[in-house]
Every structure is written in C-alpha cells, then in structure tokens.
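Each chain gets a letter, A, B and so on, in the order the sequences are listed, and its residues count up from 1.
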Amino acid sequence: MAREYTLKRHAAPVARIDYAAELNPQQCAAVTAPPGPALVIAGAGSGKTRTLTYRVAYLLENGVSASNILLLTFTNKAAREMLERVTSLIPNDIAGLWSGTFHSIGNRILRRHAEAAGFRPGFSIMDREDQQDILDAVIAKAGISTKDKRFPKGEVLADIFSYSINTGRPIDQVVAEKYPYFAMLDAQIALLQPQYEERKRAANSLDFDDLLEKTLRLLQSDESVRAFYQRQFQFILVDEYQDTNKIQADFIDALAAAHDNVMVVGDDAQSIYSWRGANFQNILDFPKRYPKAKVYKIETNYRSVPQILQVANAAIEANVNQFKKELQSVRQDTGLKPALVALGDSTQQAQFIAQRILELRDEGADLREIAVLYRAHYHSMELQMELTRHGIPFAITSGLRFFEQAHVKDVAAFMKFVVNPRDEVAFKRMARLLPGIGARSAEQLWNEVDRRLSALPLLALEPAVPATAGAPSPAGTVHFKELLFDLKVPSKALKAWQQLAYTLDEIAPAGKVNPPGAMLESIIEAVYDDYLKEKFPNYDQRREDLNVLGNYARQYESVQDFLDQLALVSSLETSNELNAADDDEMVNLSSVHQAKGLEWKVVFVIWMSEGMFPSSRSLDSSEGVEEERRLFYVAVTRARDELYLTYPILRLNAGYGEAFQRPSRFLGEVPKNLLEEWQVS
DNA sequence: TACGTGGCGCTTTTT
DNA sequence: GCGCCACGTA
C-alpha cells in the first residue's frame with residue numbers, strides 16, 4: 001500500500017470571486033464541485049462557457065497550478081475566449097495551462113514524442129484533400145484498376161478509414177453500413193489500410209485522425225509517457241462532450257485513469273457530429289464509465305425569450321434517446337411569437353430575408369446581431385445574390401476554409417516540403433505547378449527524390465530550426481539545390497524546375513529554414529506570382545489572399561507553428577482573424593453546424609423543407625432523423641429575441657423545372673399556437 | 001503525357 | 001446553372 005503524501009500548496013491568493021453571487025445555484029454547484037468525476041448537463045444558453053470559465057478560475061484560486069489543468073474544447077477559438085475571461089477574473093498566470101481542440105492537443109503531444117509514436121518530429125499534417133491524394137496513389141500502386149469494376153476512390157476510402165478509426169469499428173462493418181454497394185470489396189479495402197499507414201509513415205505525415213489515434217496509442221503503449229501526462233494533467237475539463245467520438249473519450253479516460261479528476265460538460269440534445277464518429281452515448285453513459293460521477297444539471301436559459309424556448313423544447317420533444325430536461329427561460333415575455341413564413345419559391349424566400357433585414361436595420365438593429373442559418377452551404381446561394389443586390393454586407397463562414405483554397409495550399413506546399421522533405425504530397429503538389437508536369441511526371445520525380453533522400457543520413461532530414469521552441473536543433477543538411485537541380489524533367493519544365501530548386505535553397509539555405517513570413521515572400525516572388533497570373537482569372541483576389549496570409553505568417557517565428565495553425569484552425573476562427581474586420585457591420589450566414597455555440601438577437605432558419613432540413617440523406621434511419629432534429633434544436637436555440645422559420649413551397653429543380661416541396665416535418669412537431677404564421681404576398 | 005473540350009449528373013454537416 | 005470526369009488531341 002503506497003503512502004499518501006500531499007505537498008503543501010504555497011499560500012493561495014485570497015479568494016476574490018464571490019461564486020454564489022455571480023453564478024446561479026446550479027452553475028455554482030458545478031463550478032465548486034469537489035475533485036472527482038463530474039458530468040455537467042448544460043442546456044442551450046444556460047451559461048455553459050461561463051461555468052467552465054469559472055471552474056478554471058476556481059481551480060486556480062484553490063491553488064491548482066495552471067500547468068496541471070487541461071481544457072479541451074471544440075474549437076481553438078472557444079479555448080482562447082475562455083482563457084481570456086479567466087484572466088479577467090483572476091490575476092493568476094495561466095501560460096502553463098494546456099487548452100485547445102483534441103486535435104491540437106494531440107499534435108502538441110506528438111511533436112514532443114514523435115519518435116515514440118514512430119514518426120520524426122518535423123512531421124506534416126495532412127488535411128482531407130492531402131489524404132485523398134495519397135490514397136489515390138495507394139490505390140494506383142496496388143494495381144487496382146478502377147476501370148473494369150467500380151472501386152471506391154480515395155475520397156471514399158478516406159471516409160471509410162476515418163470513420164472506422166474514430167468509432168473503433170472494423171472496416172467491413174463500416175463498409176456494410178455506409179457503403180453497402182462496395183460490401184463485396186471490403187476485404188480488398190481493408191487490405192489497403194496498412195498500405196496507407198505505411199505510406200504516411202514514409203512521408204512522415206499524419207492525417208487528422210492520426211492526431212487523435214496515434215496520441216491515444218502512445219498513451220496506451222508507453223507507460224512513462226502515460227504517467228507523465230497523467231501527472232501533469234491533474235484536472236481535466238472537457239467542453240461539448242456530446243460531440244466526442246470513441247478515440248476522444250478513450251483519450252480522456254486514459255489521462256484521467258490515475259485520478260479521475262475529469263469534468264465533462266455538454267448537452268446530449270446538441271450532439272450533431274455523428275457522421276464524424278461522434279457518439280452521444282459517451283455523455284449518456286458517462287455515469288456508467290465513472291460510477292462515482294456526480295451529475296450536475298443546469299437548466300436555466302439566459303439567452304432566449306420564453307416564446308423561442310418553448311419552440312425549442314417542443315422541437316426536441318420527439319427524440320426518444322435523450323436526457324429529459326425542460327429549459328426554463330429567465331427572460332421577459334416579449335409577446336412576440338417566432339414567425340413561420342411560407343413563401344412561393346426560393347427567390348421569394350431570399351427577397352423576404354433581405355427585405356426583413358433592411359427593416360430591422362431601419363429599426364436600429366445592428367447587422368452583426370442577425371444571422372441566417374441553413375442546413376447546407378448551397379442553400380445560401382440565392383440569398384447571397386439577393387443580399388448583394390440590396391447592398392447588404394454579409395460574412396459567410398463558408399464551406400471552403402480560407403486555408404483550403406488552392407492558392408493557399410500551393411504556397412504552403414513549398415514550406416511543408418522544406419520542413420519535412422519526405423512529404424510526398426507537398427512535393428508532388430509543388431511539382432505539378434510547373435508547366436509540363438502533371439500527375440505522372442510528379443510521381444516519377446518523387447520516386448527519384450525519395451531514392452536520393454534515403455541515401456542521406458536520417459538526421460539530415462530534420463529541419464535546422466527546432467521543431468518546438470527550446471528543443472535542441474539538429475544539424476539540417478539537405479541542400480535543396482543539390483537534391484533537385486539535376487533531376488530529369490520534361491524539357492518544357494526545365495527552366496521552371498531550376499528556378500524552383502534555387503527558390504527552395506533560398507528559403508531554406510543549407511536546410512536552415514527561414515521564418516515563415518520571409519519564406520512566403522520568396523515563394524510568391526520567385527515562382528508563384530507568375531503561376532497565379534497565368535492560371536486563375538481572379539488573380540487580384542487571390543493575390544490579396546496571399547498578402548493576408550503573409551501578414552498572418554509574420555506573426556510566427558517558427559514555420560512549424562505556422563503550418564500547424566494552417567492545418568488545425570477552423571474556418572470560423574480564421575475568418576475573424578484574417579479579415580480582422582470584426583467591427584464591420586455584417587449579417588452572418590452560416591451552416592447550423594458552424595453556428596454551434598454562437599448566438600444572435602435575430603435568427604432566420606431558411607429552407608425548412610422536407611428533404612432539405614431534415615436532409616434527404618438522413619432519412620433512412622431513425623438515428624439520422626434524430627440527429628437532424630437535434631440540429632434543428634441547435635438552430636432554434638441560437639436566437640435571443642426573434643426567430644423566423646422560412647420555407648419555399650416550390651423548389652426550382654436544376655433542369656427539371658419545378659417541384660412542390662413539403663414543409664419540414666419538424667415544423668409539424670411544433671404546436672401551431674407557439675408560432676405566428678405570416679402570409680406573404 | 002499534358003491539357004482542352006463536351007457530356008453528364010446533381011448537390012451535408014468538418015477537425 | 002454548374003462543376004466534375006472522361007475522352008480525344010497535340
């Protein structure tokens with residue numbers, strides 16, 4: 001039996017926060033909960049973020065060191081905002097606190113222990129597109145002809161593998177469920193997975209799933225690493241727990257195993273990421289996995305007026321699988337019911353929204369306090385045109401992230417390659433930019449580069465700048481000009497190729513990597529600007545994007561950190577950060593998914609039509625429909641004062657003329673007397 | 001093997 | 001009304 005021995009804390013600062021006064025009793029109970037497992041079920045708008053923020057402050061005030069806290073959130077922005085609020089509450093230094101998304105925390109851990117996980121510290125992070133590229137190469141290499149019989153493309157394989165990893169279910173099961181028409185190929189598909197793994201290893205590249213999975217495996221297999229982080233993270237806080245998947249839940253469990261000091265916060269009614277492997281059974285079963293868990297419920301809603309909340313409560317009612325709860329509004333009754341608006345077609349729908357927004361602005365509303373939400377990004381197309389016509393400025397958190405645009409990824413490929421010369425995807429992307437080099441030549445060139453790289457000592461492949469600040473710096477000795485200059489390239493590409501070799505040498509002289517801002521300048525000036533002019537019709541726009549990227553890059557000293565940001569920061573966070581026009585008055589257009597955690601005074605939910613919302617793709621299973629219903633619940637609960645639910649009766653079908661659309665079933669589930677029907681003519 | 005043109009099919013959600 | 005893919009040509 002080990003002896004229990006406690007180190008005395010240095011004198012804790014005098015308690016400054018009056019928790020009972022600043023929080024409601026339910027919040028306060030959760031915030032001041034004793035150590036040990038805790039499940040906080042916090043309804044929409046109930047002050048979930050506030051609760052977590054105060055919890056962090058509470059721990060710090062009670063002498064817990066910041067470096068012993070791990071805060072896991074759904075976006076990096078959410079983490080940053082919480083910590084800012086903590087700083088405004090108490091004077092403690094919180095620099096040592098680890099916070100961010102599961103992916104970014106995984107990345108941070110793996111950078112430190114890359115070797116133990118079977119990689120080199122300078123590894124690249126692949127996004128979905130990179131993943132598809134490499135999988136297409138794996139398929140080709142395996143000699144599978146996609147011609148004679150239908151075989152899934154890289155895109156589909158990525159989806160299968162990813163879902164399999166994130167849910168911990170075998171490939172054949174995933175294929176049978178999600179792609180039954182490929183069921184007879186499942187053995188062959190499963191065979192490709194180890195090849196994909198091998199290829200990633202050779203390229204020293206990790207995909208998004210690896211950032212979770214490899215981290216978990218590392219904790220499970222390496223006892224010293226596990227013990228280290230278990231000791232470091234004495235208190236674990238998890239936001240949006242309902243959207244964690246199996247790996248994420250296991251990751252938390254592994255870290256918490258030694259002390260069980262884990263507080264998870266979430267709302268099962270807002271679980272909307274099952275297609276990415278999220279499993280809201282994690283939150284429902286938390287008390288089973290942690291039998292000592294205390295459950296705290298926070299059911300007072302501060303956000304929405306009662307009329308909106310009633311609609312929300314009614315909307316979620318039809319779901320069988322949930323913790324029953326009834327949100328109570330503390331806000332004044334405005335006497336204004338949410339509007340149910342039927343419109344002739346989608347054009348009218350767009351006109352209605354635009355007109356109503358103009359009226360709201362005349363009434364003195366701030367455009368930033370208005371949002372239009374929809375199920376899928378393409379639902380917003382007509383509205384965008386209509387808003388433009390009326391001169392109404394809007395900001396979209398678009399489907400395509402800023403960093404996923406071709407020109408951004410192109411210039412990033414240069415940087416990725418010099419940081420990690422084994423990055424097959426980055427190299428090929430770079431090569432294909434040159435005239436006369438397509439997929440085929442790029443592949444051949446890579447084979448030769450790969451051969452030359454293998455002849456170099458292992459250490460030479462590390463970048464000369466430390467991967468993490470303070471780490472010893474290995475001697476980088478890759479001379480890119482020597483490596484590439486004399487390769488055989490198509491004659492059409494020769495000049496550009498030599499230029500490329502010089503440029504790489506310039507941005508990483510003798511393998512010593514320049515800071516990202518300077519690198520970008522060289523890349524653009526030496527090769528990319530010409531390409532951009534030639535290739536894209538909207539040169540000016542894209543060039544401007546690259547300037548923005550350059551400004552952003554200059555904030556970073558280390559290329560590695562900069563590239564990590566590109567890979568791991570979500571669109572929501574970048575759009576604000578890059579445009580920096582936060583104070584511009586703009587209406588927000590957003591998918592419901594991206595609206596998670598946000599709120600506005602006025603919310604329009606458009607395309608409330610059967611087949612659109614709920615999406616027709618979700619209709620074949622009851623779980624699918626329940627998730628759509630939760631999504632609808634999320635949409636409704638974004639609104640503080642005014643809510644409009646609109647749907648067009650006619651749908652203009654591409655090519656096929658028009659078809660009648662039934663209103664969404666979700667509208668029928670809300671009692672008529674809770675909504676006010678608007679007749680629009 | 002790279003790249004331009006015509007036909008076809010049809011729209012989720014994202015770290 | 002648009003993007004993607006396959007095919008044919010330089």
Problem set entry | B:dT1 phosphate, OP1 or OP2, under 4.0 Å from A:R440 side-chain N/O | yes

Exercise. Does OP1 or OP2 of B:dT14 have a side-chain N or O of A:Q594 closer than 4.0 Å?
Worked result: yes

Exercise. Are the ring centres of A:Y273 and A:H593 closer than 6.0 Å?
Worked result: yes

Exercise. Base, sugar-phosphate, or nothing for A:L211, non-hydrogen atoms under 4.0 angstrom?
Worked result: nothing

Exercise. Phosphate oxygens OP1/OP2 of B:dT14: is one of them under 4.0 Å from a side-chain N or O of A:S591?
Worked result: yes

Exercise. Is there side-chain contact between A:L52 and A:L237, with heavy atoms separated by less than 4.5 Å?
Worked result: yes

Problem set entry | Nearest-nucleotide pick for A:A376, side chain only, options being B:dT15, B:dT1, B:dT12 | B:dT12

Exercise. OP1, OP2 of B:dT1 versus side-chain N and O of A:Q444: anything below 4.0 Å?
Worked result: yes

Exercise. With a non-hydrogen cut-off below 4.0 angstrom, is A:R276 in contact with a base, only sugar-phosphate, or nothing?
Worked result: base

For this session: Compute the ring centroids of A:F427 and A:W446, then answer whether they are less than 6.0 Å apart.
Result: yes

Problem set entry | Separation of B:dT13 P from A:E155 CD (nearest whole Å) | 12 Å

Problem set entry | Nearest to side-chain heavy atoms of A:F208, which nucleotide of B:dT13, B:dT15, C:dA6 | B:dT15

Exercise. Counting only side-chain N and O atoms of A:H377, is one of them less than 4.0 Å from OP1 or OP2 of B:dT14?
Worked result: yes

For this session: On DNA chain B, check which nucleotide each of A:F102 and A:A439 is closest to and give me the residue with the more 5' one.
Result: A:A439

For this session: Respond yes when some side-chain nitrogen or oxygen of A:S104 is under 4.0 Å from OP1 or OP2 of B:dT15, and no when none is.
Result: no

Exercise. Could a donor-acceptor pair under 3.5 angstrom be found where the side chain of A:R375 meets the base of B:dT13?
Worked result: yes

Exercise. So, do A:Y273 and B:dT13 meet the stacking rule of ring centres under 5.5 Å and planes under 30°?
Worked result: no

Exercise. Given B:dC3, B:dT15, B:dT12, which nucleotide is nearest the side-chain atoms of A:K492?
Worked result: B:dC3

Exercise. Ignoring hydrogens and geometry, is there a side-chain-to-backbone donor-acceptor pair from A:R375 to A:M612 under 3.5 Å?
Worked result: no

Problem set entry | side chain to side chain contact (heavy atoms under 4.5 Å, CB included) partner of A:Q193, chosen from A:L157, A:V138, A:I165 | A:I165

Exercise. Among B:dT13, B:dT11, B:dC3, which nucleotide sits nearest the side chain of A:H593?
Worked result: B:dT13

Problem set entry | Position toward the 5' end of DNA chain B (nearest nucleotide), A:R432 or A:E627 | A:R432

Exercise. Which listed nucleotide (B:dT11, B:dT15, B:dA2) is nearest to the side chain of A:R617?
Worked result: B:dT11

